[in-house]
Amino acid sequence: MDIIDERKIFLQELVHPRFRVNNISVSVLRLDLIHPVISGNKWFKLKENIRAGMDGSFGQLLTFGGAYSNHLIATAAAANQAGLKSVGIVRGLHGAVHETETLKHCREYGMQLHFISREDYDRKNDPQFLNRLEEQFGKSFIISEGGANEYGIRGAAEIAKFIPVDTTDVCVSAGTATTFIGLRNTLPVHTFLHGFAPLKGGNYLADFIRAHVIAPDTNWTLTDEYHFGGFGKTTAELLAFIEEMMEHDLPLDKVYTAKMMMGIRDLISKNYFKPGSRITAIHTGGLQGN
Ligand SMILES: *Cc1c(COP(=O)(O)O)cnc(C)c1O
């Protein structure tokens, strides 16, 4: 599928002094550059889903997300380019009244939006509920929220091929942890994987990870210490950090990647990483949300 030109991906070495102590180097894998909205890890989680949707001649994708969802807009744009119809089931009824920029763009890409209450949204994996949606919207290839399914894991695994072999530590933000799992199942065993949850209590993800990783569970860790008040919340410190990194030619989104990068900087200052570590941080995109 040539919806996306993956050759735009490159590795950016950070020259920022606070990321270069104890002979440590931090490089950022710029997955955000492949497309303005089919951005970062979302493309990788979608590609196998779209292929399956096309192979099964479903003609239509149906997926789930909130009013600011990077996944929803990426699905809308990718479906549009692949010649598939798309339906977006949106969490919460308020979005129908106050349309966000994200939702507006989803519609412009041809996505049909359907707003449901948070209670109904909680049934997003319930087969009976999914049947009802298909009765309403027609036969669809259904993609779990956030692309968190086997196809998503398989597609995300491809990100590993862009990571240099001498990398000692890989850092990635984990929302559903689908990208994290794809990476863990593909990276060499000696490469340690650090996940950064952008939400309070993000450690619940550890169960989902344990259920899906095939590698021994000694070479990864997950922290939820860098949530900065919770999912989608920001602090003045976080916003100042985004400004500062802009000056180092690194645009970051406030929901995921800025929190991870601040986490990395903090962990470096606490001597968490061994001297000489070669860290690759994954820029998972999300800039449309800013
Ligand atoms: C969706 C998203 C994530 C989380 O990815 P998961 O595979 O769900 O863990 C991380 N960063 C950005 C920018 C995202 O949009």
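Counting starts at 1 for both ligands and their atoms, in listed order.
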Q) To which protein heavy atom is atom 5 (O) of ligand 1 closest, and what is the distance rounded to 0.1 Å? A) N41 ND2, 2.9 Å
**Q.** Flag, side chain of H35 to backbone of V37, donor-acceptor distance under 3.5 Å
**A.** yes
**Q.** Protein residue, atom and distance nearest to atom 11 (N) of ligand 1, heavy-atom basis
**A.** T284 OG1, 2.6 Å
Q. With distance as the sole test, does Y121 use its side chain to make a donor-acceptor pair with the main-chain N or O of G65 at under 3.5 Å?
A. yes
Q) Does any N or O atom in T179 lie less than 3.5 angstrom from one in ligand 1, N or O only? A) yes
(Q) Can a donor-acceptor pair be found, under 3.5 Å and without considering hydrogens, that links the side chain of N22 to the backbone of I24? (A) no
Q: Considering the heavy atoms of A174, write down every atom of ligand 1 situated less than 4.0 Å from one of them.
A: 9 (O)
Q: Mind checking whether N70 contacts ligand 1 via backbone (N, CA, C, O), side chain (CB onward), both or neither, at a 4.0 Å heavy-atom cut-off?
A: side chain
Q) Can you tell me the protein heavy atom closest to atom 13 (C) of ligand 1 and the distance? A) G285 O, 3.2 Å
Q: Run the numbers for me: atoms of ligand 1, each under 4.0 Å from some heavy atom of A177, listed by number.
A: 6 (P), 8 (O), 9 (O)
Q: May I ask you to decide if F273's main-chain N or O and S277's side chain share a donor-acceptor pair within less than 3.5 Å?
A: no
Q. Using heavy atoms and a threshold below 4.0 Å, how should the contact between K42 and ligand 1 be classified: side chain, backbone, both, or neither?
A. side chain
(Q) Checking a contact table here: which protein heavy atom is nearest atom 8 (O) of ligand 1, and how many Å away? (A) T176 OG1, 2.6 Å
**Q.** Distance filter under 4.0 Å to G286 heavy atoms, resulting ligand 1 atoms
**A.** 13 (C)
Q.
I'd like to know if the side chain of N23 reaches the main chain of P275, judged simply by a donor and an acceptor atom lying under 3.5 Å from each other, with no hydrogens or angles considered.
A. no
Q | Top protein contact for atom 4 (C) of ligand 1, by heavy-atom distance | A | G175 N, 3.4 Å
Q) Hey, which atoms in ligand 1 end up nearer than 4.0 Å to a heavy atom of K45? A) 5 (O), 6 (P), 7 (O), 8 (O)
**Q.** side-chain contact (heavy atoms from CB on, under 4.5 Å) between V28 and M261, intermediate numbers included
**A.** CA-CA 10 Å; V28 181; M261 291 307 294; 4.1 Å; yes
Q | D253 CG to D32 CG distance, which is reported to the nearest 0.5 Å | A | 9.0 Å
Q: Any chance you could measure I153, atom CD1, to L183, atom CG, to the nearest 0.5 Å?
A: 11.0 Å
